[in-house]
Amino acid sequence: EDLKNEDLKDIQELGQGNGGSVKKVEHIPTGTIMAKKIVLIDAKPSVRKQILRELQIMHDCNSPYIISFYGAFISDPNICICMEYMDKGSLDGIYKKIGPIDIDVVGKVALAVLEGLTYLYDVHRIIHRDIKPSNILFNSKGQIKICDFGVSGELINSIADTFVGTSTYMSPERIQGAQYTVKSDVWSLGVSLIELALGRFPFSEDQASDDSDLEDLQGTLSPGKPMFGAGQRNSKEDKDRKRKSMGVSLQGGARTMSILELLQHIVNEPAPRLLPEGRFPKAAEEFVDSCLLKDPEVRKAPKELLVLPWMEHSRTCNFDLEAWASTF
Ligand code: ATP
Ligand code: MG
């Protein structure tokens, strides 16, 4: 009954992330196709076992908007997490392949993510912590589901987020060291929705603030630790080198914004919007604006967003996601 590595046959590499890699595998005894996530964890055996225990909560997460969980096991020095395989992959892969996503689909994505977040929080008191297009998956039945949510506190502690080569969906309050709340997930959703609708990460070069006040930054950020304040002044050359090595590639942008420029931009500048005005339905613009209120006090929670007009529209909109899925 227990899932073990010997029973799994590799079929295909699905992708690489910061914390590990994901493979399409077949569970030989049952013939079930699964996605196996391999997470390299540099931790003591006792911590690994604790992580494994915490991951078991995923067995109780049953929602049409949440990836199903088959089981997890230790395969030294890795932890393997086996989950439902989604044959159309993640939404970042989809827009990179087909370009900007139809706004009606983006509305369905928003609805699915909010339903998923509401389920996780109301039923299990889980905050996702990593909403972004690569963690929103799609299949040929037209289903949209979220994955990679923060069930295990020990797992979150064991993986340092490295920002190299990545974009950031982190809310202004998180960048400034505040605790995660469901509202931080809402910010990340807002950024993700704009990215899907425009077909590019929304923080672009022409919005970038100047970097005259660039401070030193470690290449990694430990979850829960504030980012600013610990910076040390370095030489101009050092900063240039650092900026290059931490460069974040922005699709559509003429050059590269460093991770620190990006984080400063998120904190200091107005939030991104669905632009140009009039290209998208008013209800969609309003929805995204309320996800991206910079003050978490006034930003709505997932449950409150579910009753906004754009979500009412998305619920009744008869856009055929299954037919759409067959076009790519
Ligand atoms: P990061 O590590 O920064 O969170 P990521 O989400 O892209 O980035 P992974 O979570 O390791 O990294 O996933 C790698 C890729 O594998 C994803 O981009 C996605 O396309 C694919 N993938 C992940 N889970 C599944 C799944 N259940 N079914 C199909 N494809 C998946
Ligand atoms: Mg992921």
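As a basis for the values below, the full set of heavy atoms in this structure was taken, side chains included, without hydrogen atoms, waters or symmetry mates. Counting starts at 1 for both ligands and their atoms, in listed order.
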Apply side chain to side chain contact (heavy atoms under 4.5 Å, CB included) to S63 and E115, showing your working. CA-CA 9 Å; S63 152; E115 296 280 11; over 6 Å; no
Test side chain to side chain contact (heavy atoms under 4.5 Å, CB included) on Y169 and S192 and set out the steps. CA-CA 7 Å; Y169 301 86; S192 302; 3.8 Å; yes
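Note on residues 278-318: pairs passing ring-ring contact (aromatic ring centres under 6.0 Å, His included), not counting sequence neighbours, are F287-W310. Applying the ring-ring contact (aromatic ring centres under 6.0 Å, His included) test to residues at least two apart or on different chains, none of the pairs has a partner in residues 34-57. Sorted by first and then second residue, the ring-ring contact (aromatic ring centres under 6.0 Å, His included) pairs involving residues 63-85 (not counting sequence neighbours) are H59-F69.
A ring-centre distance under 6.0 Å is not found for F328 and Y95. Here the two rings, on Y121 and Y119, have centers that are 6.0 Å apart or farther.
Side-chain atoms of T118 come within 3.5 Å of backbone N or O of L114 as a donor-acceptor pair. In this structure, the side chain of S290 engages the main chain of E286 through a donor-acceptor pair within 3.5 Å.
Listed by chain and number, N135 OD1, D148 OD2 are the protein N/O/S atoms closer than 2.8 Å to the Mg ion (ligand 2), with waters left out.
Here is the list of ligand 1 atoms found below 4.0 Å of a heavy atom in S134: 5 (P), 6 (O), 7 (O), 8 (O), 18 (O). Within ligand 1, the atoms closer than 4.0 Å to a non-hydrogen atom of G17 are 2 (O), 8 (O), 11 (O), 12 (O), numbered from 1 in the order shown. For ligand 1 and A35, the ligand atoms under 4.0 Å from any heavy atom of the residue are 26 (C), 27 (N), 28 (N). For ligand 1, the atoms closer than 4.0 angstrom to any heavy atom of D130 are 4 (O). If you number the atoms of ligand 1 from 1 as listed, the ones under 4.0 Å from a heavy atom of K37 come out as 9 (P), 10 (O), 11 (O).
Under 4.0 angstrom from ligand 1, the non-hydrogen atoms of L137 all belong to its side chain. Residue contacts with ligand 1 for N18 involve both N, CA, C or O and side-chain atoms from C-beta outward (heavy atoms, distance under 4.0 Å). The proximity of K24 to ligand 1, defined as any non-hydrogen pair under 4.0 Å, does not occur for either the backbone or the side chain.
Residue E84 has at least one nitrogen or oxygen atom sitting less than 3.5 Å from a nitrogen or oxygen atom of ligand 1, judged on distance alone. Considering both main-chain and side-chain atoms, S90 comes within under 3.5 Å of ligand 1 through a nitrogen or oxygen pair. Of the polar atoms of D148, at least one N or O is found under 3.5 Å from an N or O of ligand 1, judged by distance alone.
For atom 29 (C) of ligand 1, the candidate residues are Q16, Q12, M86, K145; the nearest heavy-atom contact is made by M86.
A donor atom on one side chain and an acceptor atom on the other are not found under 3.5 Å apart for E154 and S152. Of the N and O atoms on the side chains of N5 and K36, at least one donor lies less than 3.5 Å from an acceptor on the other residue.
Residue D295 qualifies as enclosed at atom CG: its count of foreign heavy atoms under 6.0 Å is above 12.
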